[in-house]
Enquirer: 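This is the structure I want to talk about, given as structure tokens.
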Number of protein chains: 2
Amino acid sequence: MKIEFLTRDENRAVQNEIIAKIRDLINFKNLEPGDKLPSERMLSEKFGVSRSSLRETIQKLEIYGLLKSRPQSGTFIADIGPIAMQGMFKDILELEAPDFKALVETRILLELKTCRLAALRRTEEDLAHMKEALDAFADKVNKGEDAVQEDLLFHLSIAKASGNSTLNMFMLIITPEIITNFEKYHVCNVDRERLGLRIREHEEIFEAIKNQDPTLAKEKMKVHFKMLYEYCYNIE
Amino acid sequence: MKIEFLTRDENRAVQNEIIAKIRDLINFKNLEPGDKLPSERMLSEKFGVSRSSLRETIQKLEIYGLLKSRPQSGTFIADIGPIAMQGMFKDILELEAPDFKALVETRILLELKTCRLAALRRTEEDLAHMKEALDAFADKVNKGEDAVQEDLLFHLSIAKASGNSTLNMFMLIITPEIITNFEKYHVCNVDRERLGLRIREHEEIFEAIKNQDPTLAKEKMKVHFKMLYEYCYNIE
DNA sequence: ATAACAAAATTGGTTAACCAGATTGGTTTG
DNA sequence: CAAACCAATCTGGTTAACCAATTTTGTTAT
């Protein structure tokens, strides 16, 4: 158990060292945006790390948009300029692991937006998808079973209906962590009455989106979160 | 040029195939949360793909929180339950590439929040960091040079001051794409008078955060974005 | 029968050799 | 002299062999 975290941290530390070395290389050699980085072989030798570790790190920096690898050609520096590049590197290296509070805070922010956008943009297909998730949640609750998963899937169906793939992606990234923390802190263990209320809230959100009323949808989502919010903050 | 996108899409397509195969495996074999996936060697052979491709895919699914690799032990399925698992897989596979509109929309949402949080939580260190970025921006503008990078770095310093590492991470992810699109569409090419106004807006945001006035900070940020917003929407 | 231990097999991670396509520099040809 | 072409070289991607730690399993001693 402890070892897992240790190796993870070690791994992260190694990767951060490589990131710092790449930053220094770009800085020192005055590499301009669009320039080609030295080949992976050269870099791995120069840095004294395995080529696979280096490739892994490059892939991470590709996610952050700082590098672009082109097959059989080379790895290139993104066109964001040297100053932004150095700033981004600094921030990425200093970035710390998210805590539960940050996750919930972010989730609420994202969902109030996706909800509103979904009301504006949802297609018939989106509605069908949402309805399906809604029914699955209600069924599970009525059976008296745990329904955290179905709950979250309904919210994800809203994110999808928002038509904003960036917001959708962000919701997907935070959702598993949210679920595990919910189960960990037993956020889901609420009484039957409250769960029935939860279904109604979902239905009201769904109806607002169906009727293309963004203001109402957001308002209903806010109410939905209000209970969750105070429940979460009681834990900490 | 065209080839780059082709190979990227091909790569993505291959990865998505592997993701689908992993999903089917979990589904078909009724693997429970916490269960161990077959070894990388077995999977790569079974799927008919290279082990490195498989590892790459596993790493991607680790980012989304669906899998957890433990050295010398195995790859394990996250504790989010089978239903959430299948839903997540579906959404990830259907996720499409973000467009500029989605990026700007997301950015504005994130920044109105980070700005507010920064006003509540900023430390003295954060303030110093922000002030530095602010001055760098003003200097560059006063010299009549392009200052898109400094502009964005000021905004990133606010994200950092928000004390929410998830929001900070999301800002880091979208920023490079924002910069390149800004330069592509020449969003930065505005007249001197407007740039002077931009500096004042930054200063006002900074002051509001310094004075720990979240409402004012958000309001000032909203004004700041109003100009940007209408400018962006004129392009499309 | 059970607990302790050790050896063998299995694991993700690493390294090194290999591949196909892109780049480049020199040569040829109009 | 310039443009076209071709082969040598360099690239990221792939494959296969290797490593160290872990897990399992069989054996032994109590």
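Note on naming: letters A, B, ... go to the chains in the order of the sequence lines (proteins, then strands), and numbering restarts at 1 for each one.
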Enquirer: If I compare all heavy atoms of A:P38 with all of A:L25, which pair ends up nearest, and what's the gap?
Expert: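 Shortest heavy-atom separation between A:P38 and A:L25 comes out as CD-CD2, 3.8 Å.
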Enquirer: Applying side chain to side chain donor-acceptor pair (under 3.5 Å), name anything that partners A:E111, two or more places apart in sequence or on another chain.
Expert: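 If we apply the side chain to side chain donor-acceptor pair (under 3.5 Å) test to A:E111, skipping adjacent residues, the hits are A:R107, A:H155.
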Enquirer: Between A:S53 and A:Q72, which residue's closest nucleotide on DNA chain C lies nearer the 5′ terminus?
Expert: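 That would be A:S53.
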Enquirer: Taking CD from B:Q15 and C1' from D:dG13, how many angstroms apart are they, rounded to a whole number?
Expert: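 That distance rounds to 14 Å.
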Enquirer: Any donor-acceptor pair under 3.5 Å between the side chain of B:R51 and the base of C:dG13?
Expert: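 Under the 3.5 Å cut-off, the side chain and the base do form a donor-acceptor pair.
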Enquirer: Salt bridge (charged side-chain N to carboxylate O under 4.0 Å, His left out) with A:R41: which residues, sequence neighbours excluded?
Expert: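 If we apply the salt bridge (charged side-chain N to carboxylate O under 4.0 Å, His left out) test to A:R41, skipping adjacent residues, there are no hits.
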Enquirer: Report, one line per pair, each donor and acceptor closer than 3.5 Å where one atom sits in a side chain of residues 129-136 of chain B; sequence neighbours left out.
Expert:
unit_1 : atom_1 : unit_2 : atom_2 : d
B:K131 : NZ     : B:D135 : OD1    : 3.0
B:K131 : NZ     : B:D135 : OD2    : 3.0

Enquirer: For the residue pair B:H202 and B:F154, does the interplanar ring angle fall in the parallel (under 30°), tilted (30 to 60°) or perpendicular (over 60°) class?
Expert: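 Parallel: the ring planes of B:H202 and B:F154 meet at under 30°.
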Enquirer: Does anything in residues 16-30 of chain B pair up under salt bridge (Lys or Arg N to Asp or Glu O under 4.0 Å), and if so which pairs, sequence neighbours excluded?
Expert: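 Of all non-adjacent pairs touching residues 16-30 of chain B, none passes salt bridge (Lys or Arg N to Asp or Glu O under 4.0 Å).
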Enquirer: Between N or O atoms, less than 3.5 Å apart, protein on one side and nucleotides 6-9 of chain D on the other: list the pairs.
Expert:
none

Enquirer: Give me each pair satisfying salt bridge (Lys or Arg N to Asp or Glu O under 4.0 Å) with a member in residues 81-92 of chain B, each pair once, sequence neighbours excluded.
Expert: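 Of all non-adjacent pairs touching residues 81-92 of chain B, those that pass salt bridge (Lys or Arg N to Asp or Glu O under 4.0 Å) are B:K90-B:E94.
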Enquirer: Looking only at side-chain N and O atoms, does A:T75 come under 4.0 Å of OP1 or OP2 in D:dT11?
Expert: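 A:T75 to D:dT11 OP1/OP2: no side-chain N or O under 4.0 Å.
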Enquirer: Less than 3.5 Å apart, which donor and acceptor atoms pair up between the side chains of residues 71-89 of chain B and the rest of the protein, not counting sequence neighbours?
Expert:
unit_1 : atom_1 : unit_2 : atom_2 : d
B:T75  : OG1    : B:S69  : OG     : 3.0

Enquirer: State which residues pass side chain to side chain donor-acceptor pair (under 3.5 Å) with B:E177; sequence neighbours excluded, sorted by chain then number.
Expert: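 In terms of side chain to side chain donor-acceptor pair (under 3.5 Å), with neighbours along the sequence ignored, B:E177 is linked to no residue.
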Enquirer: When you measure from the side-chain N and O atoms of A:S73 to the phosphate of D:dT11, is any distance below 4.0 Å, counting only OP1 and OP2?
Expert: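 Result: no.
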Enquirer: Quickly work out the A:E56 CD to C:dT14 P distance and round it to whole Å.
Expert: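 After rounding, the gap between these two atoms is 7 Å.
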Enquirer: Which whole-number value in Å describes the distance from A:L54 CG to D:dG12 P?
Expert: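 One finds 9 Å between P of D:dG12 and CG of A:L54, rounded.
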Enquirer: With a 4.0 Å cut-off on heavy atoms, is B:S52 in touch with a base, just the backbone sugar-phosphate, or nothing at all?
Expert: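 Base contact - B:S52 has a heavy atom under 4.0 Å of at least one base atom.
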Enquirer: Hey, can you pull the residues of residues 35-49 of chain B with a non-hydrogen atom under 4.0 angstrom from DNA chain C?
Expert: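 The answer is B:S39, B:E40, B:R41.
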Enquirer: Within the pair B:R55 and C:dG13, is there a side-chain N or O less than 4.0 Å away from OP1 or OP2?
Expert: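 Affirmative; the distance criterion is met.
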